[in-house]
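Reminder, nothing fancy here: chain letters follow the sequence lines and each chain counts from 1.
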Amino acid sequence: MMIFLQIRLFATVKTHQHRFFKWLIVLSDGIHAYSSVMLATQLNQRVTSGELDAKAIIKLNNYTCNIVQETRKVLVILDLTVLTCGSETDIIGQPKPYNDQSVTNPRPTIHPQQNLVDKSENRIVFPISSLTPYQNRWTIRTRVTSKSEIRKWSNSRGEGKLFSVDLIDESGEIRATAFRDQVEKFYDVLEVNKVYYISRCSIKTANKNFTSIKNDYEMTFTNETAVEPCDDIASLPKVSFNFVRIGDIENQPAERMIDVVGVVKSADDVVTINTKSNRQVNKRDIELVDDSGKVVRLTLWGTNAEEFDGSQFPVVAVRGARVTEFGGRSLSVVGSSQLMTNPDIPEAHILRGWFDVQGKDQELVSISTKRGDIGSPGFSGNWKNISDIHGENLGQQEKADYFNLKATIIYIRKENLMYKACPKEDCNKKVIDQGGSYRCEKCNQTFPDFKYRLMISASIVDSTGSNWLTFFQETGEAMLKCTAQQLGAWKENDESKYEHTINEALFQSYILKVRAKMESFNDENRLKCSCVNLTPMDYVQQSRRLLEGIRRMQMV
DNA sequence: CCCCCCCC
């Protein structure tokens, strides 16, 4: 039995689609009170509905305990039963804070500052969220949450160097970039996690394809800019993420920068690839999953790829990962991204608990194309509809055309669907039945036996039309689900089994790889289409292919 | 004023 000593909302994080509530929870057993406690997201409703309130007596049915930064333990409640609600009871005992030096104080409540006057310097401090390009006389008091390397550029418009910092205060965040002379002036002054007064920068519209920071604007340092260190203000947040749930990444435009957090479900080995500009670079693909039940591929590059340890299913958070649309949606860590393994943030603890308790056994769906799909007959390649065969004059050139069809077999011509062939391994020539012995003209030999070969003419359809297709041995056997030898034996001894086998092959849908080529026969040119590969339908894979096609059309 | 960030 546990008592909720206190429960209150201490932060609401809004993304464009979701609101995340973070509850400050203190648990008491009557003797000790413990405050590093979180509520799994699925239990939020128990609080908002009023069922779970302060001083409620609860039974903890399921929880995980995560050790963070080696000393701090964070309890994530995954399931609970309310035994007595808070209004019907009172605090039991006089619980003392539980101190095994693993407990740290929760973050203080955030009070957004509003144009407050800083007494020491008599300056007006503006909240970051109030900055616009139309207003110049401001000072912000801000913590640096990240700082890039100095980078050089060179293009048709000139060359130079730059670096950028991400800045945060109680109201919001903004990116600031320094170019050329300002790089010298400010690079060493600005340190990550430290607090500064900054004033007189220019403000312009931010491009969302290059930052996940939640601000329509970004700042540029000018030669007027003033940067002045400030004593640390505890109330200034240290990090800020705008996480997009993995299940929502499919709704993100390609090229966007987003923040993501997930459990590493799998990690590939490092591979070296050649770039188009003929450089070698190392990469490693990993799969991230979250409690949306969706999986996304994240590609790491260079040292991030080489040094990554995906064992033990770590939680990975990326600030500013690029959304790419190669085969569904996937993510790429880019130069400006920050990659964090097992970060001490509430979202990571919740996911750790979710994965260990249920996620690891849950059926998960990837929003990224599996590597196996790309290049497989079911995904890549030259896709056609049956009406395209004549509509696009396929097979009319000197070289045969190869393409994929998704089609259904509706008729199998039973006449001459197999023949007696030369038994020699690489000879498939039709033999002359001499009544007990079989002559092959090609091999110029007579054999005591023969082998059956398939040459099936079948009619296939899709939504656009129908066409005749020839299925030789291997594709014919795959279609009939038996060997030519078996079919021949049934034809001789078990007519109904033979008929049944052929009928069972009707109205089945396949992915077909087709070869189309004009052939002349008796002075007449006819288009011959034959099946060179037959793969069972994979509706999930085909749906992904169609969705990919729709995405591409939307881009036009 | 960068904004390249790689490959299938």
Of all the choices, [options], which nucleotide is nearest to the side chain of [X] once you look at every atom?
X	options	answer
A/S332	B/dC3, B/dC7, B/dC6	B/dC6
A/F326	B/dC8, B/dC7, B/dC5	B/dC8
A/F210	B/dC7, B/dC1, B/dC3	B/dC3

Counting any heavy atom closer than 4.0 Å, what does [X] reach on the DNA or RNA strands: base, sugar-phosphate only, or nothing?
X	value
A/S164	nothing
A/G335	base
A/N155	sugar-phosphate
A/K161	nothing
A/Q280	nothing
A/K152	nothing

B/dC7 base to A/K283 side chain: any donor-acceptor pair below 3.5 Å? yes

Donor-acceptor pair (no angle test) under 3.5 Å: A/R279 side chain, B/dC6 base: yes

Using the rule salt bridge (Lys or Arg N to Asp or Glu O under 4.0 Å), only one of A/D231, A/D232, A/D169 pairs with A/R143; which is it? A/D232

With a 4.5 Å limit on heavy-atom distance, are the side chains of A/F471 and A/L454 in contact? no

For the residue pair A/F179 and A/F221, is the inter-centroid distance of their aromatic rings smaller than 6.0 Å? no

Could you state the atom-to-atom distance from [atom1] of [X] to [atom2] of [N] in whole Å?
X	N	atom1	atom2	answer
A/R322	B/dC6	CZ	P	7 Å
A/K147	B/dC2	NZ	P	22 Å
A/I273	B/dC5	CD1	C1'	11 Å
A/N209	B/dC4	CG	C1'	14 Å
A/L331	B/dC6	CG	P	12 Å
A/E159	B/dC3	CD	P	12 Å
A/L298	B/dC6	CG	P	12 Å
A/Q182	B/dC2	CD	C1'	15 Å

Short side-chain N/O contact from A/R151 to OP1 or OP2 of B/dC3, under 4.0 Å: yes

Only residue of A/L288, A/I258, A/D290 satisfying side-chain contact (heavy atoms from CB on, under 4.5 Å) with A/I249 is A/I258

Can you tell me if A/W153 is stacked onto the base of B/dC4, using a 5.5 Å centroid cut-off and an angle below 30°? no

Kindly state each residue pair satisfying salt bridge (charged side-chain N to carboxylate O under 4.0 Å, His left out) with at least one member in residues 303-318 of chain A, sequence neighbours excluded. none

In this structure, which one of A/S336, A/S240, A/S146 forms a side chain to side chain donor-acceptor pair (under 3.5 Å) with A/D166? A/S146

